[in-house]
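All remarks here apply to the structure that follows.
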Amino acid sequence: MFNKVKDAINTRIINRLLDKKDIVRFSVNRNDRTGMLYKSWGLVFTDLIKGAYYEFGLYKGASFITSWKEYSKFRKWAVAQTKSDEFWRRQNIKDYINYRHDFYGFDTFEGMPANNEGSVTFHEKSFAGSFDEVDKQCRKAGMRYRLFKGLFSAIPKEEVRALEPAAIVNIDSDLYGSAWDALAIVRDKLQQGTILLMDDYNCFSSSDACGERRALREFCEKNPAYRFEPWMPYHFVGQAFLCHVEKS
Ligand SMILES: C[S@@+](CC[C@H](N)C(=O)[O-])C[C@H]1O[C@@H](n2cnc3c(N)ncnc32)[C@H](O)[C@@H]1O
């Protein structure tokens, strides 16, 4: 009984700490999705990378909104740098602070498309969300965002053309075909240093013949101008990459 109460109290304290916005050390040591998004935004702000956050596969919007929250910590930090008494810090951030990173989210909001990956988890219509609900949650979080509803493959090219280059691409749509379509959308948005998060990279027993692994392998074969350096694994099956653009 005593141990149960002790465990419950410990869990509450840990959850409070994890929720607390300014516990930076916690986020940097976390290896879950939140930690990965924190580290990604840390890299973006450290290297002063300009570009948007693209997320493919929103479901109920959890990681999309988490990304905004992690981003906001660095935005706050950057604003504070403008008042630093060290010249180089103020100089570094002077122009960058005027750049606002956009957040683009893509989903059917009706769940997984028909597919032949043979997974019960990812069968047609699983992970169905609601556009209105995600929209509401994003607004509530104070995000600067744009949602694209429909199959990735059906998003009009002229709409994509008008979007910002990519600072971070988060592909969380599980299936080979979906990851392939997502990569096709961002192909011309990739730049040196773009961070690619493949949330389901090691699904399907890490087989190169399935899922996101297959999509990235084929994408690289067809687009030799882009190389993806493995950065770090995260959560259970995720893998982060750093994009190199090897255009001559
Ligand atoms: C695992 S869920 C995403 C989880 C989400 N990132 C979160 O934080 O909870 C996968 C999502 O990808 C979407 N999806 C998969 N393939 C898609 C496609 N080809 N076009 C549009 N949406 C797709 C599904 O509708 C589903 O909502």
Side-chain angles (χ1 to χ4, degrees), residues 18-19 27 30-41 52-72 103-141 143 145-157 159-160 163 166 168-187 189 195-204 210-216 218-219 234-240:
L18 288 175
D19 280 347
S27 295
R30 283 172 73 168
N31 190 237
D32 59 3
R33 294 185 174 104
T34 303
M36 194 63 244
L37 288 164
Y38 177 79
K39 282 178 267 205
S40 299
W41 281 114
Y53 174 80
Y54 286 71
E55 184 167 311
F56 295 90
L58 301 184
Y59 186 31
K60 296 183 178 174
S63 51
F64 195 54
I65 294 168
T66 298
S67 183
W68 172 262
K69 287 184 178 164
E70 297 306 302
Y71 158 79
S72 300
F103 282 64
Y104 306 134
F106 300 77
D107 205 296
T108 58
F109 297 99
E110 290 167 3
M112 295 306 217
N115 66 86
N116 53 11
E117 298 262 23
S119 159
V120 175
T121 316
F122 307 137
H123 70 86
E124 187 178 359
K125 298 208 186 321
S126 64
F127 293 100
S130 145
F131 179 93
D132 289 345
E133 192 49 36
V134 174
D135 192 41
K136 189 171 139 196
Q137 294 304 328
C138 293
R139 243 181 299 131
K140 201 168 144 199
M143 292 178 71
Y145 67 101
R146 201 169 148 195
L147 300 178
F148 295 82
K149 181 172 164 48
L151 281 173
F152 304 152
S153 56
I155 306 295
K157 287 204 170 43
E159 280 196 43
V160 173
L163 304 181
I168 302 174
V169 177
N170 186 0
I171 299 186
D172 191 3
S173 50
D174 314 283
L175 307 168
Y176 158 68
S178 301
W180 173 260
D181 292 338
L183 286 167
I185 289 179
V186 293
R187 198 188 70 146
K189 306 294 177 186
I195 296 162
L196 172 65
L197 305 178
M198 296 205 102
D199 199 77
D200 315 292
Y201 192 70
N202 289 316
C203 277
F204 305 106
C210 306
E212 294 182 357
R213 268 185 180 254
R214 177 177 169 199
L216 187 61
E218 291 183 2
F219 179 84
Y234 66 96
H235 203 239
F236 300 128
V237 290
Q239 176 69 44

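All ligand and atom numbering here is 1-based and tracks the order in the structure.
Where the criterion is an N or O separation shorter than 3.5 Å, residue side chain and backbone included, Pro113 fails it with respect to ligand 1. Some N or O of Asp107 is nearer than 3.5 Å to an N or O of ligand 1, by distance alone. For Lys60, no nitrogen or oxygen atom sits less than 3.5 Å from a nitrogen or oxygen atom of ligand 1, counting backbone and side chain alike. Backbone and side-chain nitrogen or oxygen atoms of Thr108 are examined, and one is located within less than 3.5 angstrom of a nitrogen or oxygen of ligand 1. On a distance-only criterion, Phe109 and ligand 1 share no N/O pair closer than 3.5 Å. Residue contacts with ligand 1: Gly61 is placed with no nitrogen or oxygen under 3.5 Å of a nitrogen or oxygen of the ligand (distance criterion only). Looking at ligand 1, you won't find any N or O of Asp181 less than 3.5 Å from one of its N or O atoms. For a threshold of 3.5 Å applied to N or O pairs, the pair formed by Glu55 and ligand 1 contains at least one separation below that value. Residue Phe106 places no N or O, backbone or side chain, under 3.5 Å from any N or O of ligand 1.
To the nearest 0.5 angstrom, Ser178 atom OG is 11.0 Å from Asp172 atom CG. Note: Asp199 CG to Tyr234 OH = 4.0 Å, rounded to the nearest 0.5 Å.
Ring geometry for Phe56 versus Phe106: interplanar angle under 30°, hence parallel rather than tilted (30 to 60°).
For the pair Gly129 and ligand 1, no heavy-atom separation below 4.0 Å is found. Contact annotation: Ala128 has no heavy atom less than 4.0 Å from any atom of ligand 1.
Of the possible donor and acceptor atoms, none in the side chain of Lys69 sits under 3.5 Å from a partner among the backbone N and O of Thr34. A side-chain donor-acceptor contact under 3.5 Å links Asn115 to the backbone of Phe122.
Among all non-hydrogen protein atoms, the one lying nearest atom 21 (C) of ligand 1 is Phe152 CE2, 3.1 Å. Among all non-hydrogen protein atoms, the one lying nearest atom 1 (C) of ligand 1 is Asp174 OD2, 3.3 Å. Asp172 OD2, 2.7 Å is the protein heavy atom nearest to atom 6 (N) of ligand 1. Looking at atom 15 (C) of ligand 1, its nearest protein heavy atom turns out to be Met112 SD, 3.4 Å. Protein heavy atom closest to atom 12 (O) of ligand 1, with residue, atom name and distance, is Gly57 CA, 3.2 Å.
Between Arg146 and Glu159 there is a salt bridge, since at least one side-chain N of the basic residue sits less than 4.0 Å from a carboxylate O of the acidic one. Using a 4.0 Å cut-off between a side-chain N of Lys or Arg and a carboxylate O of Asp or Glu, Asp132 and Lys136 do not qualify as a salt bridge. Between Glu110 and Lys149, at least one side-chain nitrogen of the basic residue sits less than 4.0 Å from a carboxylate oxygen of the acidic one, meeting the salt-bridge criterion.
Listed by number with element, the atoms of ligand 1 under 4.0 angstrom from any heavy atom of Gly111 are 24 (C), 25 (O). Numbered from 1 in the order shown, with element, the atoms of ligand 1 that lie under 4.0 Å from a heavy atom of Tyr59 read 2 (S), 3 (C), 4 (C), 5 (C), 9 (O), 27 (O).
Aromatic pair Tyr176/Phe204: ring centres not closer than 6.0 Å. Residues Tyr145 and Trp68 place their aromatic rings such that the two centres sit no closer than 6.0 Å.
In this structure, of Ala179, Ser178, Ala154, the residue bringing a heavy atom nearest to atom 16 (N) of ligand 1 is Ser178. Compare Asp199, Val134, Leu58 by their heavy atoms: the one nearest to atom 7 (C) of ligand 1 is in Leu58.
Looking at Ser67, Cys138, Ser72 one by one, the single match for side chain to side chain contact (heavy atoms under 4.5 Å, CB included) with Met143 turns out to be Cys138. Results of the side chain to side chain contact (heavy atoms under 4.5 Å, CB included) test with Phe148 over Asp107, Thr108, Leu163, Leu58 single out Leu163 as the only residue that passes.
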